[in-house]
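When a ligand or atom number is given, it counts from 1 through the structure's own listing order.
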Amino acid sequence: MSRAVTVHPTARVRGRVRLPGDKSLSHRYALLGALARGTTAISGYASGADCASTLACLRQLGVEIENDREPDGRRTVRVHGPWPRGLTVPAAALDAGNSGSTMRMLAGILAAQSFTTVIDGDASLGRRPMRRVIEPLARMGARIQSHDGRPPLTITGTTSLAPIDHEPDVPSAQVKSAVLLAGLHARGVTRVREPIRTRDHTERALRAFGAAVTADDDWIALEGPQALVPLVLDVPGDISSAAFWMVAAAALPGSDVTIEHVGLNPTRTPVIDVLRRLGARIDVSVAGEHAHEPVGTLRIRHGDLAAVTIAPTEVPAIIDELPVLAALAALGGELSVSGAGELRVKESDRISALAAGLRALGADIDEQPDGFHVRGSRRLSGGRADACGDHRLAMAFSIAALGATAPSTIEDAGAADVSYPEFFGTLDSLRA
Ligand code: S3P
């Protein structure tokens with residue numbers, strides 16, 4: 001994790017990119033596959049450490065999983081749902097590593113088991129807020145102990161969970177998913193209210209696995225208990241990983257990057273709209289749908305960069321891309337973001353670490369309690385930026401460094417392995 005990488009500037013980026021499989025989808029397909037009555041085959045499973053943590057936790061719960069590399073380099077994961085036996089008591093605490101998605105979503109499944117499980121993670125995950133899942137799951141009947149609302153969690157589940165209506169305090173797809181996964185096992189209708197919509201992969205995946213889920217106005221509902229059928233799945237590329245190349249192409253004149261087989265779920269594509277507002281020229285073509293998820297191709301070219309203000313209601317849909325959007329504004333244009341306090345409880349404090357890192361590369365950025373303001377009024381000098389163990393910061397700083405006048409050192413750049421182990425190889429292949 002502590003590996004430092006030197007990033008040299010480049011005039012432009014050009015070429016075609018094949019992305020790692022979508023991280024959000026990979027977690028969900030593995031978790032639902034473990035609940036399904038048979039074997040689920042998932043090709044294009046995400047290559048990063050976070051999705052490996054989900055597989056490791058499921059194995060500890062007695063799920064047999066094969067993980068093979070195909071001749072084209074993609075991974076195929078086969079999850080043998082342990083039906084009718086079900087999950088079994090793990091011999092030791094589960095290790096979710098750096099992955100908040102693993103801990104929060106798995107908590108919804110563990111709440112419905114007849115045994116006690118401890119789930120822990122690395123130092124960064126140990127600082128992240130878990131009350132948002134503890135409170136609704138406890139209301140459903142699980143007993144959950146924590147370290148003052150933070151990991152490790154000790155979850156004593158029950159096979160007689162009660163359904164609830166829940167409105168999360170913060171818009172969060174992980175919390176919504178935890179409650180829906182618990183609701184799958186409860187007797188009756190569980191509902192989650194979302195005044196601001198978050199990514200809906202869990203709802204789409206549940207339907208693909210044969211469950212009935214409704215979405216009316218602000219409410220998402222399912223009636224439990226429901227059984228899941230196994231599936232053959234293909235995970236499209238991760239648009240949050242695509243965002244790094246979209247920003248590089250948008251920032252550097254003469255760039256032209258095509259990204260194939262990328263997930264284009266409308267709850268994830270607002271980053272495209274923001275990039276267009278910032279000045280990027282982007283062509284989108286949807287080729288089809290797989291498991292209710294739209295998939296297609298993106299082509300990105302540079303345009304004159306503009307000043308953009310992001311409203312608080314826009315933040316949840318672009319939360320993971322905000323660091324690299326800040327990197328774009330550091331290279332030209334201007335970006336003002338508010339209502340993004342959630343960034344402070346991600347893998348790092350993504351407001352202060354982002355501001356410190358971009359400033360170290362020469363950027364003009366102000367930190368605010370719930371956001372930031374970046375002005376791309378001067379050419380970045382390059383410098384030494386610390387990713388603070390955060391994968392998205394490691395990659396955002398590297399993209400900013402491409403447009404600097406001198407080489408930069410990104411400390412802790414190895415953190416990119418959490419979601420995108422191929423990142424630095426792809427970066428070098430696009431230099432032109
Ligand atoms: C995710 C939801 C978001 C996002 C995270 C992945 C998911 O987190 O930041 O990277 O797959 O559901 P929150 O639910 O905490 O907003």
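No more than 12 heavy-atom neighbours from other residues, nucleotides or ligands sit within 6.0 angstrom of CZ on Arg197. The environment of His147 atom NE2 is sparse: at most 12 non-hydrogen atoms of other residues, nucleotides or ligands sit within 6.0 angstrom.
Using a non-hydrogen distance threshold of 4.0 Å, Ser177 does not register as a contact of ligand 1. Ligand 1 lies within reach of Arg28, whose nearest heavy atom is under 4.0 Å from it. Heavy-atom distances between Lys346 and ligand 1 reach below 4.0 Å in at least one pair. Ligand 1 lies out of reach of Lys176, whose nearest heavy atom is not under 4.0 Å from it.
Taking a cut-off of under 4.0 Å to the non-hydrogen atoms of Ile319, the atoms of ligand 1 that pass are 9 (O). The Arg104 neighbourhood of ligand 1 comprises atoms 15 (O), with distances under 4.0 Å to a heavy atom of that residue. Near Ser101, meaning under 4.0 Å from one of its heavy atoms, ligand 1 places the atoms 6 (C), 11 (O).
Lys23 is listed as a side-chain neighbour of His391, based on a closest heavy-atom distance under 4.5 Å. With contacts defined as side-chain heavy-atom distances shorter than 4.5 Å, the pair Glu342/Ile319 qualifies. Annotation: side chain of Arg199 is in contact with side chain of Asp320 (closest heavy-atom distance under 4.5 Å).
When only interatomic distances are considered, the shortest N/O to N/O separation between Ala173 and ligand 1 falls below 3.5 Å. For a threshold of 3.5 Å applied to N or O pairs, the pair formed by Ser24 and ligand 1 contains at least one separation below that value.
Between the side chains of Glu347 and Ser124, no donor-acceptor pair of N or O atoms lies under 3.5 Å.
In terms of protein heavy atoms, atom 1 (C) of ligand 1 is closest to Gln174 NE2, 3.5 Å. Protein heavy atom nearest atom 10 (O) of ligand 1, with residue, atom name and distance: Asp320 OD2, 2.8 Å. For atom 14 (O) of ligand 1, the nearest non-hydrogen atom of the protein is Ser172 OG, 2.6 Å.
Side chain of Ser53 to backbone of Ala49: a donor-acceptor contact under 3.5 angstrom is found.
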Exercise for review: Determine, step by step, whether Asp364 and Val374 satisfy the side chain to side chain contact (heavy atoms under 4.5 Å, CB included) criterion, reporting the C-alpha distance in whole Å, the side-chain angles of both residues, the deciding distance to 0.1 Å, and the verdict.
Suggested key: CA-CA 6 Å; Asp364 179 4; Val374 199; over 6 Å; no
